[in-house]
Protein chains: 2
Amino acid sequence: MLNQSAGLDRLFHALADPARRAIVERLSRGPAAVSELARPLPMSLPAAMQHLEVLQAAGLVRTQKVGRVRTCAIEPKALSLAEQWINARRVSWERRLDRLGEYLKTMESGGDGDGADR
Amino acid sequence: MLNQSAGLDRLFHALADPARRAIVERLSRGPAAVSELARPLPMSLPAAMQHLEVLQAAGLVRTQKVGRVRTCAIEPKALSLAEQWINARRVSWERRLDRLGEYLKTMESGGDGDGADR
DNA sequence: TTGATACTTAGGCATATGCTTAACCAATCG
DNA sequence: CGATTGGTTAAGCATATGCCTAAGTATCAA
């Protein structure tokens with residue numbers, strides 16, 4: 001899986017802001033121009049642009065300029081990186097809880113069993 | 001589902017740092033004391049503590065002090081909030097791509113169909 | 001009670017973020 | 001051409017983050 005740490009940094013950081021999530025939410029319903037994305041946000045256009053740049057740096061958004069209009073769209077694959085990390089954690093702790101369950105059953109039936117957690 | 005925006009802010013922000021993810025990774029394999037979590041990190045103990053505080057504020061980690069040792073554990077439920085948000089996005093854009101597919105099929109068979117995207 | 005261990009708090013500092021306003025280009029439009 | 005529209009760049013500023021060192025506090029061990 002390789003570490004991919006910097007990518008996760010950028011990805012989670014990009015998602016850690018309501019304005020940026022709002023942009024992603026809007027874009028998951030279809031492409032939009034920069035000013036269209038900025039309009040509903042409580043900030044200036046340049047500020048919204050900076051958020052867009054963060055999203056692009058995270059690979060979440062792809063843009064393309066035609067004439068004087070820049071059209072933005074989500075990059076669905078980007079989110080799956082975050083998803084995978086979260087899933088990996090879940091697998092990890094579920095396995096642990098299973099082992100704990102086994103251990104408790106062993107206890108019950110009077111065995112000794114090295115259940116050392118560390 | 002209600003907005004839950006502040007919670008997502010804290011959650012994603014907490015995950016947007018390699019040291020904090022390392023802590024979560026360690027804890028998904030089982031509970032640990034503060035100093036045990038700090039040891040592998042390239043920083044001082046107080047710095048590690050601050051990361052721990054961020055994780056607690058995000059609801060990702062629960063701690064409990066016994067004697068002079070504070071033991072930390074993950075709160076599996078916390079991650080599911082992030083997961084849900086990501087899933088919701090996916091559902092949204094998959095529906096959209098389906099509609100787009102339908103539209104293209106309609107085109108193909110010569111129909112007109114209002115496929116306006118906006 | 002003395003000392004070591006395991007955190008905690010406080011203060012300070014460098015850099016990063018988020019935002020603003022004020023220009024500045026580049027395609028349209030009249 | 002000259003004015004608009006849509007976007008971009010630049011500079012500046014306030015606050016937030018991330019880290020450190022130094023100085024506590026509270027067990028536990030001898």
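Lettering of chains follows the sequences in order, A, B, ..., and the numbering in each one begins at 1. The basis for the numbers below is simple: all heavy atoms, side chains too, and nothing from hydrogens, waters or symmetry mates.
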- Expected output: side-chain A:Ser92 to main-chain A:Ala88 donor-acceptor under 3.5 Å: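 No.
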
- Item | Sidechain-backbone polar pair: A:Arg10 side chain, A:Gly59 backbone, donor-acceptor under 3.5 Å |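 Looks like no, no N/O pair under 3.5 Å.
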
Under 4.0 Å between a side-chain N/O of [X] and OP1 or OP2 of [N], yes or no?
X       : N      : answer
A:Ser35 : D:dG6  : no
B:Lys65 : D:dT27 : no
B:His51 : D:dT17 : no
B:Ser44 : D:dC20 : yes

Whole Å only: how far is the [atom1] atom of [X] from the [atom2] atom of [N]?
X       : N      : atom1 : atom2 : result
A:Asp9  : C:dT15 : CG    : P     : 19 Å
B:Met43 : D:dC20 : CE    : P     : 7 Å
B:Leu15 : D:dT17 : CG    : P     : 15 Å
A:Arg39 : D:dG7  : CZ    : P     : 10 Å
A:Leu52 : D:dT9  : CG    : P     : 13 Å
B:Asp17 : D:dG18 : CG    : C1'   : 8 Å
A:Arg70 : D:dT5  : CZ    : P     : 21 Å
A:Leu45 : D:dT5  : CG    : C1'   : 11 Å

What's [X] touching, base or sugar-phosphate or nothing? Going by heavy atoms closer than 4.0 Å.
X       : value
B:Ala19 : nothing
A:Ala47 : base
B:Arg20 : sugar-phosphate

- Report yes if the side chains of B:Leu41 and B:Leu37 come closer than 4.5 Å at any heavy-atom pair, otherwise no.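 When only atoms from C-beta onward are counted, B:Leu37 and B:Leu41 do not touch, as no gap falls below 4.5 Å.
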
- Item | Side-chain touch A:Gln4/A:Trp85, heavy atoms, less than 4.5 angstrom |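 No. Closest side-chain heavy atoms not under 4.5 Å.
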
Could you pull out the protein-nucleic contacts involving nucleotides 25-30 of chain C (nitrogen or oxygen on both sides, under 3.5 Å)?
{"unit_1": "C:dA27", "atom_1": "N3", "unit_2": "A:Arg68", "atom_2": "NH1", "d": "3.1"}

Indicate, with yes or no, if [Y] and [X] share a hydrophobic cluster defined by side-chain heavy-atom contacts under 4.5 Å among Ile, Leu, Val, Met, Phe, Trp and Tyr.
X       : Y       : value
B:Ile23 : B:Val69 : no
B:Val54 : A:Leu11 : no
A:Met43 : A:Val34 : yes

- Between A:Pro42 and A:His13, name the one whose nearest nucleotide on DNA chain C is closer to the 5' end.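 Its nucleotide being nearer the 5' end, the pick is A:His13.
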
